[in-house]
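One structure is given below, encoded as structure tokens.
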Amino acid sequence: MPGPGPNTTQLIGIAYALVFFFVGTYLWRTGRFRKTTKYLLLLVTVLVGFAFFSPMIPHNFQQLVLRSGDVVGFALVGAAIGMAVFFLLAFLFGRHFCGYLCPIGAVQELAYAAPTPKFRLPWKRGLSLVRGLVFVLILAAGLGFSISVLGFFGIQDFFRLVFSAGFVVFLAAIALSLFIYRPFCRLICPVGAIFQIFASQARWKIRRTEACIECKKCEMVCPTNEAGRDDAKGECYLCGRCIEKCPVEGALIYGGKIQNNTRDREKTP
Ligand code: SF4
Ligand code: SF4
């Protein structure tokens with residue numbers, strides 16, 4: 001027997017995410033994605049998360065894992081297709097979903113914007129490895145023992161304002177985000193692990209042009225250590241800090257592969 005179909009609020013959430021994904025990508029591509037747009041979008045996403053439970057892909061992923069041994073109904077197939085669409089979009093355009101459309105990511109991004117001391121974690125590979133291990137744990141606990149590891153984080157309770165033990169756990173993760181950039185995304189989120197793989201091969205991403213003067217200011221400000229010339233950008237959340245900090249107009253752009261970059265020019269006598 002097929003499971004229940006998506007309800008109206010879920011459909012609104014998905015429509016919202018798709019529309020703003022393409023609007024965001026267009027604004028990035030044309031260089032019109034400003035700081036005010038960023039915070040407006042983040043705020044709307046957090047509020048929509050409260051009001052409509054907009055697409056919570058991590059939560060959907062956990063549901064998928066928990067029910068995979070069960071009857072695969074329409075809702076699960078729909079969730080799987082929806083996820084695949086966003087993974088494909090990450091492959092084409094980078095992690096706009098994580099950057100601005102996931103309420104879990106948005107609430108951490110807003111917390112990190114608070115004027116608090118920041119601690120940048122230098123171990124990029126180590127963090128990805130931990131998240132990979134958590135990914136395996138989520139799969140094993142869900143498939144083998146029907147345990148929802150993400151359930152301990154009270155994500156739903158937080159966005160629905162249900163005060164539970166899980167609510168407090170997720171609140172603690174947000175409190176940590178005041179000092180460390182997106183700890184839940186970078187250490188726990190199972191779909192973050194998948195997004196990283198797709199986004200590292202993204203067709204459009206932030207790239208340096210030949211205008212770059214190698215001052216490395218972008219690298220110093222990037223909270224995920226992804227602003228280096230050769231970094232794949234798998235953990236780039238399109239926060240925009242590198243572009244804001246760059247002293248040379250046009251040295252960093254969002255788009256496809258650049259043919260004649262500085263390195264090529266340096267090699268030319
Ligand atoms: S990494 Fe996971 S929690 Fe973070 S923004 Fe992406 S989907 Fe959301
Ligand atoms: S500073 Fe730049 S490279 Fe680093 S995460 Fe933000 S947008 Fe991506």
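Indexing begins at 1, ligand by ligand and atom by atom, following the structure's order.
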Checklist outcome for this item: Within the 4.0 Å heavy-atom cut-off, what Ile57 brings close to ligand 1 is neither
Checklist entry - Of all the atoms in ligand 1, which lie at a distance below 4.0 Å from a heavy atom belonging to Arg95? => result 1 (S)
Checklist outcome for this item: Here the atoms of ligand 1 under 4.0 Å from any heavy atom belonging to Gly105 are 5 (S)
Checklist entry - To the nearest 0.1 Å, how far is atom 7 (S) of ligand 1 from its closest protein heavy atom, and which atom is that? => result Val191 CG2, 3.6 Å
Next on the checklist: Does atom OH (Tyr26) have a neighbourhood of more than 12 heavy atoms from anything else shown, all under 6.0 Å?
Outcome noted: no
Next on the checklist: For Thr116 and Lys118, which I'm curious about, is there any donor-acceptor pair between the side chains at under 3.5 Å?
Outcome noted: yes
Item to check | Nearest protein heavy atom with distance in Å, relative to atom 2 (Fe) of ligand 1 | outcome: Cys189 SG, 2.3 Å
Checklist outcome for this item: If we number the atoms of ligand 1 from 1 as shown, the ones under 4.0 Å from a heavy atom of Pro58 are 2 (Fe), 3 (S), 7 (S)
Checklist entry - For ligand 1, which atoms sit closer than 4.0 Å to a heavy atom of Ile104? => result 3 (S)
Checklist entry - Quick one: are the ring centres of Phe33 and Tyr100 less than 6.0 Å apart? => result yes
Next on the checklist: I'd like to know if Glu219 and Arg120 make a salt bridge, using a cut-off of under 4.0 Å between side-chain N and carboxylate O.
Outcome noted: no
Checklist entry - What protein heavy atom sits nearest atom 4 (Fe) of ligand 1, and how far off is it? => result Cys185 SG, 2.3 Å
Item to check | Sole residue of Ile253, Leu238, Asp231 in side chain to side chain contact (heavy atoms under 4.5 Å, CB included) with Ile206 | outcome: Leu238
Next on the checklist: Which of the protein's N, O or S atoms come within less than 2.8 Å of atom 8 (Fe) of ligand 2, not counting waters?
Outcome noted: Cys236 SG
Next on the checklist: Once rounded to the nearest 0.5 Å, what's the spacing between atom CZ of Phe97 and atom SG of Cys102?
Outcome noted: 4.5 Å
Checklist entry - For the residue pair Tyr254 and His96, is the inter-centroid distance of their aromatic rings smaller than 6.0 Å? => result yes
Item to check | Numbering as shown, the atoms of ligand 1 that approach Gly192 to under 4.0 Å (heavy-atom distance) | outcome: 1 (S)
Checklist entry - Any salt bridge between Glu235 and Lys233, counting N to O under 4.0 Å? => result no
Checklist entry - Taking the six-membered ring for Trp, are the ring centroids of Tyr237 and Phe195 within less than 6.0 Å of each other? => result no
Checklist entry - Where is the nearest protein heavy atom to atom 6 (Fe) of ligand 1: which residue, which atom, and how far? => result Cys98 SG, 2.3 Å
Checklist entry - Which atom names give the shortest non-hydrogen contact between Phe179 and Pro117, and what distance separates them? => result CD2-O, 3.3 Å
Checklist entry - To the nearest 0.1 Å, how far is atom 8 (Fe) of ligand 1 from its closest protein heavy atom, and which atom is that? => result Cys102 SG, 2.3 Å
Checklist outcome for this item: Shortest non-hydrogen pair, Ala111 vs Ile174, comes out as CB-O, 3.8 Å
Checklist outcome for this item: The answer for which part of Arg186 has a heavy atom under 4.0 Å from ligand 1 is neither
Checklist entry - Take atom NZ in Lys124; do more than 12 heavy atoms of anything else shown fall under 6.0 Å from it? => result yes
Item to check | Sub-4.0 Å atoms of ligand 1 with respect to non-hydrogen atoms of Arg182 | outcome: 5 (S)
